[in-house]
Amino acid sequence: MTESKLILEVKNLQTSFFTDDGVIPSVDNVDFHVREGEILGIVGESGCGKSVTSLSIMGLVPSPPGKITNGQILFRGKDLTKLSEREMRNVRGNDIAMIFQEPMTSLNPLFTIGNQLIEAITLHKKDWSRKQAKARAIEMMKLVGLPRAEELIKEYPHQLSGGMRQRVMIAMALVCDPQLLIADEPTTALDVTIQAQILKLMRELNERLNTAVILITHDLGVVAETCERVVVMYAGKVVEEGLVETIFNNPQHPYTKGLIASVPDMRYKKQRLYSIQGNVPKPGTVKEGCRFAARCESVFGRCTEENPPLYETSEGHKTRCFLYDEKEILVNDKTAATS
Amino acid sequence: MVPNSTIKTVAVKEKSTGPWLDAWRSFRKNKVALVGAGIVLFFVFLAIFGPLLAPQGINEQSIKDHRLLPPSSEFWFGTDDFGRDIFSRIIHGARISLGVGFFSVIGSVIVGSILGIIAGYYGKWVDMIISRVFDIMLAFPSILLAIAVVSVLGPSLRNALIAIAIINVPNFGRLIRSKVLSIKEEEYITSAKAIGMKDMRILFSHILPNSMAPVIVAGSLAIASAIIEAAALGFLGLGAQAPAPEWGKMLADARVVLRNAPWAMIFPGLAIMLTVLGFNLMGDGLRDALDPRMKN
Amino acid sequence: MLHYIGKRLLQLIPVLLGMTFIVFMIIRAIPGDPAQVILGQLASKEAIEALRGKLGLDNPWYTQYFDYLIGLFKGDLGESMRTVQPVADEIWPYLAATFELALFAIIIAVIIGVNAGIISAWFQNSWFDYLAMVIALIGVSMPIFWLGLLEQWFFGIELQWLPTSGREEVRNPVSAVTNLYVLDTIINGRFDQLGQVLKHLVLPGIALATIPMAIIARMTRSSMLEVMRADFVRTARAKGQKMFWVVYKHALKNAIIPVLTVIGLQTGLLLGGAILTETIFSWPGIGRYIYEAIQFRDYPVIQSGILVVAFIFVMINLLVDILYGLIDPRIKYD
Amino acid sequence: ACSSDDTSSEQPKKEDEGTTEKETSSTGNKVLIFGRGGDSVSLDPIAVTDGESFKVTQNVFETLLNFGEQDTTIHEGLATKWEPSEDGLTYTFTLREGVKFHDGTDFNAEAVVKNFERWASGSEDKFPYYASMFGGFKDDEGHVIESVTADGDYTVVFKLKRAQAPFLKNIAMSPFGIASPTAFESAGEKFGDSPVGTGPFKFVEWKRNDSITIEKFADYWADGLPKLDKIIFRSIPDNSARLNALLTGEIDLADGVNPADGKTVEGDSNLQLFERPSMNVGYLGLTTTRPPFDNVKVRQAINYAIDKQSIIDAFFEGRAEIAKNPMPPSISGYNEDIPGYEYDPAKAKALLAEAGFADGFEMELWAMPVPRPYMPDGTKVAEVIQKNLEDIGVKAKIVSYEWATYLEKARNGEADAFMLGWTGDNGDADNFIYVLLDQDNIGSNNYTYYSNEDLHKILIEAQTEVDEDKRNELYKQAQEIIYKDAPWVPLAHSTPLLAGKADLTGFLPHPTGSDKLTNVDFK
Amino acid sequence: MTKPLLQVEGLKKYFPIHKGLLGKQTGFVKAVDDVSFYVNEGETLGIVGESGCGKSTTGRMLMRLLEPTEGKVTFEGKELTNLSSSNMRKVRREIQMVFQDPYASLNPRHNVEKILTEPLIVHNIGDAKSRRKKVYDFLEIVGLSSYHAKRYPHQFSGGQRQRIGIARALMTNPKLIIADEPVSALDVSIQAQVLNLMQDLQKELKLTYIFIAHDLGVVRHISDRVGVMYLGRMAELATSESLYADPLHPYTKALLSAVPVPDPEYKREQIILEGDIPSPSNPPTGCTFHTRCPFKMDACTTIVPKLEEVKPGHFVACHLYNELAQH
Ligand SMILES: Nc1ncnc2c1ncn2[C@@H]1O[C@H](COP(=O)(O)OP(=O)(O)OP(=O)(O)O)[C@@H](O)[C@H]1O
Ligand SMILES: Nc1ncnc2c1ncn2[C@@H]1O[C@H](COP(=O)(O)OP(=O)(O)OP(=O)(O)O)[C@@H](O)[C@H]1O
Ligand SMILES: [Mg+2]
Ligand SMILES: [Mg+2]
């Protein structure tokens, strides 16, 4: 695997929600990076901050109550958190595009598919004529495997099936050749056979267009089949990061281990599933120590007192767990991220 | 063996709760709604204790000495053309306005709920008929309907109350009906059926309580509009009869002396506005507190 | 679509029939004898009996009702007992007056209400939001007759800016073509009069607009707040669309449907519910026409007047339903 | 042939009107805008009974005789001379010559006869006033007029079946304005929409519930009259709104000014206040058939209990006279010598005690829901009365109904005590006392169900008594009887107020409420 | 072979489609179309299939929460489809249901104690005291504590709510539990807890499950036999070993190959189906799968394949095997 250039670096990102119950850092000190042309997976259970992370990158955190309270998001070296709304608009859809979990609700039900696609184009290609834009839209629709593109363009979202809508979303995201595509649980709402179609499409597009992809999911299977590298999140923190093979074959963090073990495998029948006891802590309730400590089987004193940093246990494999402290490969968060 | 009994459910200390208590908590956080509730409470207080507090009665005329005096330290809101203390009359009037608002809405809620439940629950032609009747009543210009009803019954406070109750019935009826229809489709109703529950029990133990929240919200807002409607009828001379200090009637009476004594019109108007505002603020707050969809 | 409209119109028939029946029963329950009222205090018993006979009032109620219905089916709205004019001829100017006023009011209400609602939702919890919503709340809390009086007092008498009564400058009367004076002055090319007519609309228009404006603003706001949280709004932003267009194009179109319902309802309500405003501003409108008919026990006018108002009310709602279909492609009419 | 002529001649005429209108509007034309409380019902004066109709028809039509400028004395109208016969059964009218109807046809004896024929062959629901003033129609027994005949072009002879004392006054009433026979024959029922008379103004336009426009009739028989070019009657139902409109200059003359606003108008140098001479009475009727009001002592007690002066001070703003008789002093036959019941609660209590109601009783007090010239604010007056009654131990509950219901219920004798009033039609005592208190009119205008055989005899006698003095004497007796029986508490004879621009001249409000605007002008 | 506890024959549910305001019926949604199966006492029958294929409808018809259009459901020898509604209510004591959405299926205005007591009251089981005790016992059994009894549904996490749902289903000591996607709304780590709980309860209380899910891994894990549904029909029904090891129906094959496996090293030939799932209101003729089937034959477009036993205990509805059998 050749080392390619970094396209996105998220450093120390903290995004908080200012609610009636206080300030809740839903994303806390998150670090990761994306290389050109790679597919990075982010997994984690519901509410762990996956979507907030991606919205932070897009500058779309609902505000109020949300706000990026710390950290940097470097896109090709440019800090997105410092950009004005106007500059950010040029990034959105143009440099970085995003597709969302719910294909059913992510398209505006009252505008035609064509209208929405063309809008996405003309927003960034100011000098294009409508005709050009339309041609481009049709081209992209064909690219994502939509049949009857010329007719579909005049139809409304409700006339399309879920799978087709998600394809439209992908086409819309790719219409301006973005360098990075963020896909937030793009297949969660779809049936398995349709999910397979969409994932295949995304892999193909990634290869053909060399667009870097951040694929957010809670399905370990999807990660295993689609991504090269993966970031595991738990309660607003990155707990482990590494190549897909490494993570699945040699999970280090107790949470990752538990997660992998608790998935029922279709290929063989386990007598009893492993289960992580307890629940994900409510955001903001764990102030001190490791957020997984309350559910961790290997918990020891230090876990509830200190906040574990990310330890790089081997090249590109990092774990946020004191169990790996003994191995003396403590790395400073910052150096790890910039390397 | 008790499965998974090892789970340590972390006993976070939680406040005692219930849906209503929660609603109260979220209501309490809403400052504007609290102001509204404060205003309402203030007027409720007046309605109850007004007669004790008011410096004067409602009909202590003093045509020779105190006619149309401007506000002063003796007569805070001035006097009307009978030489009566407007301040005292407004205080006494709180009971009338709140009473009409409250009881007319109670009446519409009761009748509307019964009709709405029957329509929503039995469906078919019963629903057809009731819904059509609601349609008809809604298509009726409500103030004309009220005027017509009062014309039939004769103008009096009680009849104004009945008229207002009648015009509000279809609103509540429809609300309850649609609520019953939507709750009927909820999964917990299916689950109640699945445990073998009878229809009537489902209706009273599940459907009704769950349809009450919007009724309370709509009710508090309806009190607001009922107060205005009562005032409008009073203004047209179709509501409370003299010498009752009904605010709308006070306004109507004051029109004649508007040029000489604007205070006679300004204060009762303000009283109406403030009371109605209180109910509206409170209703809004209740909606936010009771209707989870409004929560951000 | 046409099919749908046809069907809806068919469905109207029972509602309107029910309406005629209810109105018929109510007005006959009102004590007071039209013959007496028409003939005045002087009339003798015989005269009253004679007139009752002539008006058909001594027939049993069902005969009277069926006579009225048969007339209706022939397109005959009856004849005013008081003025002896066919209601159909008489009603239009009144209706037009109210229609013009209501339309004016609702246009003000929509323009201000919808925009205030949008901006409030866009900048939720900003000072504008609070201010607009407090004003809206005060707006719905105000007895309009009181507001009307205050307006007259302030703008009419104190400042002398605006006329306080009637539809036109009487010294320079509009020659009626459609009876919608704004339109008439344009048709007649009398733009000097247009200004006057508009001036006359202002005060009653504002009084009438206040409540719908407040309701529309609140409705728009809550509807917008809901829509602004929707995924497709985020999608639009993710494309790099300007917030203004996200709000006014993507969100508004979705949020407008419940608002439309309210607008339709309010317009309908204004038509029949403007009695107090019409009285205070001496507006020769349908509300007062019917109100006076009630006072004079002019049965045919009450019946047909209410029927016409109700008819327009349901037609407006039908129109709103059709508009839904134009806005929302998911709604199919068949 | 005639009708085709008409239509052909009318066409160009309309165009003429159009052009003259434009001309006059360019030259400073004098337009009076008269704000009033309601719209007219019809502009065919004979078909209506409401004052708002007469306000307009009074200027479009003329009657054979006129009332005085501010009283109800008889003056010449379309007739210049009138001669009753000795027995009072024949009247000969000499008509004015050179008078034209607005449609261009000539006014003559023929026209008068046709008008009376039209009326006499009507029915009560069509021409109510005719029936009540002349005792019915052609075939009715009570019909007073035996015949109306033309004697030449300009003489009309009326033959009566029996003497009718107020005959000439009746003839002068607004309903009997002479209409163009050509017009009412061709218009039929629609005549009320496009009235044609001989009056100083001709009808132009009627916007229902809004305005009625009449304009100067160029061929009016009196030279230099009318002075105004146009009058627009606007209905502004609310008294305050109407005064507002006057203040903002939207109207020039406002009818029905609230007494409370009288001072405002007087204090405004741009305005002037007009007082309409009083020809009305406002009263509290006591239904004499309902206990305890069947007891004359109770009725007298109530009379003593009410503080009329306070009522007049507060709610008529002093612009009324305390009433002691059922008719106003301006009407001949008024009995000055009646002392009236002064305000004396102690006496009232004593009387109540005598009647066996020492502890008082409970009653309903009906308050008028609408303002009327004789009672500007019924409910407020009722509140004062309620208070007065409370002072003598009588608990009165104020009740109100909608106007039409109120009248019907009161007429049915359902009220204990009710407020009402009357404005005279022709300034005759009969029009008050007989109409309001005679037993013949129980179920009609005698709402108190008061009946007194002696009174009845006197009143019937007075109706045919042609000798003015004798007649007055009869009415004075009648008033004495009524005073003793006290079926009413007469409250006030009010002076209704009007307000107009300061530069208005020549406006003389008429006691009947129908004002001739012929001499009105702007300075 | 044990006697089947529940036997389903020819079950159908056609939802009429009403169009227009006058409600003219213009067609049917064939939500469930001729489905037959049985469940043995103590076993778990899994039903999988993609969204809208009629799983929930089937589940609901078994309890007559929906009236079947046609077909017979026999429970312990009683034909449920004939019972009067009051008798049916009594049977519901024996058959209980656990729902997909643990939040929506709990009345938000009732606290846990009330929710759990309700089935007892409805079926007149025990007195107030014994009911209370039973509530607390079952709270323990499903892994909650007694202090949870006074709380309201919204104060629980998803997994806990599902436990409440399960506890409620257990209150009347039912024999059969129909679980309609009981873990679909839960996170992986919580899903494992609930699945384990259900398995434990089954052993302990000798429960029979009909387990509806769309996650093939979960179904495999919990079921003894699995039925695969497609567009209202049963495409394949077999023991879970047989089905997962040797899927016969082309749809099952595609389905199995489409499921992502959490193992980056696992490589397989994926069958990616073309196109979308047709609408049940307008299902394809013949075999409803023929529009997407890679092995489509002429017969498939016209003849509806019957569910037939191709191997012992392995039923499939596909013409491929008809022919094989014939040859
Ligand atoms: N608008 C908001 N206001 C307050 N808190 C929020 C808001 N949006 C998100 N959060 C909080 O941020 C945390 C992370 O949410 P996020 O949506 O990123 O989770 P997620 O990992 O995407 O979960 P899922 O898999 O359910 O989509 C959650 O705990 C949530 O409560
Ligand atoms: N009440 C109903 N009226 C009309 N159609 C219905 C009704 N209930 C379900 N359907 C239709 O029947 C079909 C089967 O629905 P069902 O809920 O059984 O599917 P499912 O397999 O449970 O899907 P999911 O996995 O989404 O829960 C669907 O097409 C659905 O639209
Ligand atoms: Mg998310
Ligand atoms: Mg389902």
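Treat the numbers as computed from the prediction; the structure is a model and nothing was measured. Protein chains get the first letters and strands the later ones, always in sequence-line order, with residue 1 at the start of each.
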Got a sec: does the CZ of C:Phe99 have more than 12 other heavy atoms crowding it under 6.0 Å?
no
Quick check: under 4.5 Å, non-hydrogen atoms only, which of residues 148-155 of chain B neighbour chain C?
B:Ala148, B:Ser151, B:Val152
Contact part of C:Val314 toward chain B, heavy-atom cut-off under 4.5 Å: side chain, backbone, both or neither?
side chain
Is the OH atom of C:Tyr65 crowded by more than 12 outside heavy atoms at less than 6.0 Å?
yes
How long is the span from the CD1 atom in C:Ile22 to the CE atom in B:Met137, to the nearest 0.5 Å?
7.0 Å
Are C:Val309 and B:Phe140 side-chain neighbours, meaning at least one heavy-atom pair lies under 4.5 Å?
no
Quick check on C:Ile275 against chain B: is it the side chain, the backbone, both or neither that has a heavy atom closer than 4.5 Å?
side chain
In terms of heavy-atom pairs under 4.5 Å, which option from B:Leu138, B:Leu144, B:Ile266, B:Leu274 contacts chain C the most?
B:Leu144
Answer whether the closest heavy-atom distance between the side chains of B:Asp284 and C:Arg218 falls below 4.5 Å.
yes
Listing request: all side chain to side chain donor-acceptor pair (under 3.5 Å) pairs with a residue in residues 131-148 of chain B, at least two apart in sequence or in separate chains.
B:Asp127-B:Ser131, B:Ser131-B:Arg177, B:Arg132-B:Asp135, B:Asp135-B:Arg174
Can you tell me which of C:Gln295, C:Met142, C:Met133 forms the most heavy-atom pairs within a distance under 4.5 Å of chain B?
C:Met142
With a 4.5 angstrom heavy-atom cut-off, could you sort out which part of B:Leu251 is near chain C: side chain, backbone, both or neither?
side chain
Go through C:Leu271, C:Leu269, C:Leu265, C:Leu149 and name the one with the most non-hydrogen pairs under 4.5 angstrom from chain B.
C:Leu149
As an exercise: rank B:Pro262, B:Ser225, B:Ala139, B:Pro141 by heavy-atom pairs under 4.5 Å with chain C and give me the winner.
B:Ala139
What residue, out of B:Leu236, B:Val133, B:Leu221, B:Ile227, has the most heavy-atom pairs lying under 4.5 Å from chain C?
B:Leu236
Chain C heavy atoms under 4.5 Å from B:Leu270: which part of the residue, side chain, backbone, both or neither?
both
Is there a side-chain contact between B:Ile228 and C:Val140 in this structure, where contact means two heavy atoms from C-beta onward sitting under 4.5 Å apart?
no
I want to check something: taking the side chain as every heavy atom from C-beta on, are C:Ile26 and B:Leu145 in contact at a cut-off of under 4.5 Å?
yes
Check B:Ile136 against C:Gly18 and note the closest heavy-atom contact, atom names and distance.
CD1-CA, 3.6 Å
Does any heavy atom of chain B fall under 4.5 Å from the side chain of C:Leu276, the backbone, both, or neither of them?
side chain
Value for CZ (B:Phe235) from CD1 (C:Ile280), rounded to nearest 0.5 Å, stands at 4.5 Å
Tell me whether the count of non-hydrogen atoms from other residues, nucleotides or ligands lying under 6.0 Å of CZ in B:Arg28 goes above 12.
yes
What are the two closest non-hydrogen atoms of B:Met265 and C:Trp146, and how far apart are they?
O-NE1, 3.1 Å
With only heavy atoms counted, which part of B:Ala224 is less than 4.5 Å from chain C, the side chain, the backbone, both or neither?
neither
